[in-house]
Amino acid sequence: MKEKISIFTALTFIFLLNIMGHNPSYAAKKETGDDIEIKSRWEIDGKYAVRWDIKEDIPHYDHIEMSGEQVSVVYYYGVNEDKSFSMKRTVIWPMLRTVPNDTHASLTVSFDTNFLSGVTVNGENLKEENVEYIKFDGILHTKSSYSNAKVEVTKCYFPSPTRAAVCEEYTITNTGDKPVTVFIPTVRNVTETNPDAGTEGSYTLIASTTNLTDREYSVLPGESITFGASIQGIENPQVELPVNVTKEKLERETFVNTICGELIVDSPNEILNTMFGLSKIRGAESIFRTRGGLMQSPGGEAYYAAIWCNDQAEYINPFFPFLGYDKGNESAINSFLHFAKHINPEFNYIPWSIIAEGYDTFGKFDRGDAAMLAYGASRYALAMGDIQIAETLMPLIKWSLEYCRRKINKDGVVASTADELELRFPAGEANLCTSSLYYDALRSAAWLIEAMDKEYTSGNTDTTNENFDVNHHMTEASSLRAQADTLKKNIENYFGATMEGYKTYRYFKGNDVLRSWICIPLVMDIFDRKEGTVKALLSPILWSENGVYTEAGTDVFWDRATLYALRGIFAAGYPEEATKHLAAYSRHRLLGDHIPYPVEAWPEGNQRHLSTENALYCRIFTEGILGFRPTGFNTFTLRPQLPKEWDYFTIRNIHACSDRPYDIFVKRTGKHISITIRMNGKNILSYKTSMGKTINVCLNNNHKKKK
């Protein structure tokens, strides 16, 4: 039996999504008089889980993305007006490449197969479905009853962690007081794609139940039967292998539990704790096993088997050492090395992205990508605490720093054609973001050089370097710091401005409208204009229920700017304001009408759940609230920022700058705060300090990473 498929999700379904809860103009109404409080559709249901109990606020539709090593899927789901469940799946196979083999050449197919359509109970098809709830905990669950049968049906939707398949599990429970007969028919829809549309010819797509023959069961009261289904893609001449849905579900649950068990945030706000946990899942799951190695990719039905200087190098790679996720760290190193292949003696700009599993590149002009690479690679190398990784990444870091130095204009700031928004909004000849990233990269690179020197002189490394010269390297670190100091002054002189009455920054020369990226200096520890910048960011001119507008006077928003802004506001020493707005934003994203992750943008992309924004969300906690900054292979600084209503803040199982995980406990003690660092269940360091004061930490453990 053939099933008709289309490469793109049905336009009519997307139209419904746009009008039923995803367009911000249809956002949930405010719950209180507080101008940032958002009404919740969902509620927290246990640790790292949210649940929507279906009431009268229907119809409502949403979409969520999940990924595995060889597949990604966007579930377009919802509840219709008659309380029946609606499901359409857009399945993306990043390694089944299409023609032309460009950025967007992942085989993408929409499926609306209903694996329950032929199921009967006592000879009758299930009718008049009534959805009781929908739940998400890394797997999408639903529970329904039916008017004509005393059964409940639970459905589970999830991607295979390692195979090119998405899986579904159906459990039918007899809720009556008499046995029922349940008939499960075999479903098998096979499609061969157009051979001219694939780089490897035709691909075979199979939507089928796991039972290969029709089956009939007698189910006693209170008992259940379960069957599975999958949608898999096969590249010829591969053969079809059976999909064990039970095994795949266990592996998905194991992955979720593993990620949620590392880098655990514990704060007095349950919404923040929950969203942090789920955000780790989305960031860590979107790693694809390509021909070019492991590649963490944004997703969103558009960006797979590819890497970017901003999404990977700048946003998520510096986060993976904190999480301690091996596949994440492998993907990070792999991404940096892919970009390193494009450094050149002429100092021509590096492409924005490595696409098509590493076989091609894309990038029409300089977006400040070298600054992104230098920033991300130097922070990553410090946090990993591994001399071999540092040596491997140092050529890319030094080339990127030198590229930026050569781009410094007559006013002492870094020129670039655009920023990461790629001319969607004007960026002038030199923008605030690129220079700020370069400033931070100079500082991190100086620390990195000193950390490497310490390794060479301490005898803690097997690496030998006949040309090693301590004095030269220390002079180099001092030179980088001097460049950073000069650049900081030039940033103030060139970008510093009064905008809309706020003492903040213009984004580029000639810019006279407030922009969201004025937050960037705060994230990079430039606080010269922190008061005016914070006020501008949180003013009605820029702030909305969806965070900061990209530019004042528009309704366009990109969550990445909001996440940077919140991190920067914490870092600048405004924990009350930051916590208030972080809590409202998190409630909106976690429990509102489009859940449970940060999104990319609106109106572009229909608020896709791109993966790397989730790392930016998590970095609000590690780098904003905790104020964690790597300064060596086993050293870092902390500058905690707790709001007055919080008596404590804890992050457990941190892996950065250490070969063993450790916990950091921050507790309010009167006018002071105490900081305790615990490893292997024992307190190893403790401090008493004031809020917002920087402390230096050195972990005296073997900080060479185990291979």
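All of these numbers come straight from a predicted model, not from anything done at the bench.
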Inset, instruction - Might you point out which heavy atoms bring C657 and L382 nearest each other, and give the distance in Å? - result: SG-O, 3.8 Å

Legend entry - 4.5 Å side-chain heavy-atom contact, M394 and L448: yes

Inset, instruction - Flag the pair D112 and K88 as a salt bridge only when some basic side-chain nitrogen lies within less than 4.0 angstrom of an acidic carboxylate oxygen. - result: yes

Inset, instruction - Using salt bridge (charged side-chain N to carboxylate O under 4.0 Å, His left out) as the criterion, list what pairs up with K155, not counting sequence neighbours. - result: E129

Legend entry - Listed partners of F336 passing ring-ring contact (aromatic ring centres under 6.0 Å, His included), at least two apart: Y380

Inset, instruction - Check whether any side-chain heavy atom of Y203 lies under 4.5 Å from a side-chain heavy atom of I234, and answer yes or no. - result: no

Legend entry - Beyond-backbone contact of I654 with L263, side-chain heavy atoms, under 4.5 angstrom: yes

Legend entry - Counterpart residues, ring-ring contact (aromatic ring centres under 6.0 Å, His included), relative to F621 (two or more places apart): F276, Y617

Inset, instruction - Indicate whether the side chain of Q312 and that of S335 have a donor and an acceptor atom separated by less than 3.5 Å. - result: no

Inset, instruction - Report the relative orientation of the aromatic rings in Y304 and F288; use parallel for angles under 30°, tilted for 30 to 60°, perpendicular for over 60°. - result: perpendicular

Inset, instruction - Name all residues meeting the ring-ring contact (aromatic ring centres under 6.0 Å, His included) criterion together with F425; count only those two or more places apart in sequence or in a different chain, and write none if there are none. - result: none

Legend entry - Lys/Arg N to Asp/Glu carboxylate O, K247 vs E251, below 4.0 Å: yes

Legend entry - Cation-pi, Y315 ring and R560 (6.0 angstrom, 45 degrees): no

Legend entry - Sole candidate of F339, F365, Y303 that passes ring-ring contact (aromatic ring centres under 6.0 Å, His included) when paired with W352: F365

Inset, instruction - Evaluate the side-chain proximity of I206 to Q232: yes if any heavy-atom separation is below 4.5 Å, no if none is. - result: yes

Legend entry - Counterpart residues, salt bridge (charged side-chain N to carboxylate O under 4.0 Å, His left out), relative to R629 (two or more places apart): D440, D525

Legend entry - Under-4.0 Å salt bridge between E248 and R252: no

Inset, instruction - Could you tell me whether the side chain of D369 and the main chain of N310 form a donor-acceptor pair under 3.5 Å? - result: no

Inset, instruction - Please say whether the positively charged group of R89, taken as NZ for Lys or CZ for Arg, lies over the ring of Y75, i.e. under 6.0 angstrom from the six-membered ring centre and within 45 degrees of the axis. - result: no

Inset, instruction - Before giving the answer on side-chain contact (heavy atoms from CB on, under 4.5 Å), spell out for C433 and E420 the whole-Å C-alpha distance, their side-chain angles and the decisive distance to 0.1 Å. - result: CA-CA 9 Å; C433 191; E420 54 90 34; 5.6 Å; no

Legend entry - Atom pair OH/OG1 of Y170 and T209 - distance to nearest 0.5 Å: 10.0 Å

Inset, instruction - Would you check if there is a donor-acceptor pair between the side chains of S72 and E65 at a distance under 3.5 Å? - result: yes

Inset, instruction - Nearest 0.5 Å please: distance from the OG atom of S286 over to the CD atom of Q296. - result: 5.0 Å

Distance-only donor-acceptor pairs under 3.5 Å for side chains of residues 235-243, two or more places apart:
from : atom 1 : to   : atom 2 : distance (Å)
N236 : ND2    : S202 : O      : 2.9
Q238 : OE1    : E235 : N      : 3.4
E240 : OE1    : R188 : NH1    : 3.4
E240 : OE1    : R188 : NH2    : 2.7
E240 : OE2    : R188 : NH1    : 3.0

Legend entry - Within-4.5 Å side-chain heavy-atom neighbours: T254 and T258: yes

Inset, instruction - Please test K327 against E69 for salt bridge (Lys or Arg N to Asp or Glu O under 4.0 Å), starting from the C-alpha separation and ending with a verdict. - result: CA-CA 10 Å; K327 287 204 308 194; E69 284 186 0; 2.6 Å; yes

Legend entry - Contact summary for G138 and M66, nearest pair of heavy atoms: O-SD, 3.5 Å

Legend entry - Verdict with supporting geometry, F628 and F322, ring-ring contact (aromatic ring centres under 6.0 Å, His included): CA-CA 10 Å; F628 189 116; F322 288 80; 4.8 Å; yes

Legend entry - Check ion pair R282-E613 (N to O, under 4.0 angstrom): no

Inset, instruction - Using the six-membered ring wherever Trp is involved, compare the ring planes of H63 and Y76 and label them parallel, tilted or perpendicular (cut-offs 30° and 60°). - result: tilted

Legend entry - Salt-bridge criterion met for R567 and E623 (N-O under 4.0 Å): yes

